[in-house]
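It should be emphasised that the depicted structure is a prediction, and the values quoted were computed from it without experimental measurement. We name chains A, B, ... by the order of the sequence lines, and we start the count at 1 in each one.
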Amino acid sequence: MKRRIKKNKKNKNFLSLRNIVLIVFAIAFCLVGVAYATLSQQLFIGGTSTIADIQISTDTVTWTKVYGWGGNGNNRYEQIKIDIENNDEDTVISELSFDVPDTIIRNNSSVWICEGQNFTVSGNTITIVNPYEWFYTPAVKTVLSFEMQLCFEDDVDFYIDNLKVNGKLVTQIN
Amino acid sequence: MNKKTKNKNLILVILLLLVVGLAIAYATLTETLTINGTANITTEWDIKITSITAAATNATTGATDAVAPSVAADGLSATFNVNLAYPGATGTYTVVVANEGNVDAVLSSVDGISAANAAMPTSVTYTIDAVATDTLDADSTKTYTVTVTWAATDTSIPTTTTKTATITLNYTQAD
């Protein structure tokens, strides 16, 4: 008889308000867990970039558009002036190179520097080689200026980039 | 047999019939009905990177691939490795993400850009045009552009010359 009473007591305790609340919370937790379980996927894009080991000179360069000759529906001509300020020391420039838009048409373009000379275009890089030592020898704190008329396919957004003097990158002001 | 006894017997018979009737009725009501069903999960959740391509313009913006860009066999990652030739150089890569499953997905977040850009050298920065909340419906693709740029304002070579970034695209099923 005592055991039965004890058992009943136990059962009564099991169905106490506290236990009922706990069970309700457990069920609610499970429902919320199921509701928030969603499919997911992570994708990764890994990039590595390495800066080239280049030399940067203390020289500076500015360029200006002297005249836009307009286009004829196929080609467009731009007359550009480049000013390189020598901030370092008396220099003999043996080679000048710079990048322009890759739609340049070599055969219709020309560069005037000192007495004029040949230049090459490789991809979008123009390279001018000094044929004689005395051609471009800007003294320190002087400016070497030259002009060029470049021909591009129509609607070009002109720029000059990556200008190097004797292989050293020149800081571009504009 | 008196009348009272007769009535009693009649009631007993009626009750007996009633019990038998209820038993039959209960037996009828508790007839087992079996419904056989088979449930198949037809959900396909399959989000992956299908390609990564270097922009043709990289050749004219001072960026050359040190290693050709590639996608892992499982389609869950893509990598590129680029050399930047001068301040102002920019490398651009096109990444195509495909939802080859039958559940609509949404880009819940894009991680890794801020951490990468905060690391040295800070003049080299990564961008991606992905935006959290971008949807990727079932059986569709999305194209993203990833760029890495060496700032044109640098007038010297940074002490640290290599920078890595891991950009994470977190997709979840759309509501």
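- Counting heavy atoms from C-beta on, the side chains of A:Ile45 and B:Phe80 come closer than 4.5 Å.
- Interface remark: of the candidates B:Thr166, B:Val103, B:Thr162, B:Thr162 forms the most heavy-atom pairs closer than 4.5 Å to chain A.
- The most heavy-atom pairs under 4.5 Å with chain A, out of B:Val148, B:Thr61, B:Thr155, B:Thr160, come from B:Thr155.
- Annotation: A:Asp83, atom CG; neighbour count of heavy atoms from other residues, nucleotides and ligands within 6.0 Å is above 12.
- Of the listed residues (B:Thr57, B:Leu84, B:Thr43), the one with the most heavy-atom contacts under 4.5 Å to chain A is B:Leu84.
- Only the side chain of B:Tyr126 comes within contact range of chain A, with heavy atoms under 4.5 Å apart.
- Within the 4.5 Å cutoff, the side chain of B:Val95 has no heavy atoms near those of the A:Leu43 side chain.
- Between the side chain of B:Gln173 and the backbone N or O of A:Leu39, at least one donor-acceptor pair lies under 3.5 Å.
- Neither the backbone nor the side chain of B:Thr64 comes within less than 4.5 Å of any heavy atom of chain A.
- Other residues, nucleotides and ligands contribute more than 12 heavy atoms inside 6.0 Å of the CG atom of B:Asp74.
- The part of B:Val97 that comes within reach of chain A is its side chain, from C-beta onward, which places non-hydrogen atoms under 4.5 angstrom from that chain.
- To the nearest 0.5 Å, the span separating OG on A:Ser49 from CH2 on B:Trp150 amounts to 10.5 Å.
- Considering only heavy-atom pairs separated by less than 4.5 Å from chain B, the leading option among A:Val100, A:Asp99, A:Asp161 is A:Asp161.
- Between the OH atom of A:Tyr159 and the OG1 atom of B:Thr60 there is a distance of 4.5 Å, given to the nearest 0.5 Å.
- We find the CD1-CG distance between A:Ile56 and B:Asp154 to be 7.0 Å, quoted to the nearest 0.5 Å.
- Both the backbone and the side chain of B:Val82 come within less than 4.5 Å of a heavy atom of chain A.
- Of the two parts of B:Pro121, only the side chain, counted from C-beta on, holds a non-hydrogen atom closer than 4.5 Å to a non-hydrogen atom of chain A.
- Rounded to the nearest 0.5 angstrom, A:Gln42 CD and B:Ser108 OG are separated by 8.5 Å.
- Within a 6.0 Å sphere centred on OH of A:Tyr67, heavy atoms belonging to other residues, nucleotides or ligands number 12 at most.
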Handout entry: Derivation of the side-chain contact (heavy atoms from CB on, under 4.5 Å) call for A:Gln41 and B:Asp46
Key = CA-CA 8 Å; A:Gln41 180 66 63; B:Asp46 191 8; over 6 Å; no
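- To the nearest 0.5 Å, atoms CD1 (B:Ile157) and CD1 (A:Ile51) are separated by 6.5 Å.
- Only the backbone of B:Ala59 comes within less than 4.5 Å of a heavy atom in chain A; its side chain stays farther off.
- Atom CG of B:Asn83 sits about 11.0 Å away from atom CG of A:Asp53, to the nearest 0.5 Å.
- Highest contact tally toward chain B, considering only A:Asn162, A:Asp102, A:Asn124, is held by A:Asn162 [criterion: heavy-atom pairs under 4.5 Å].
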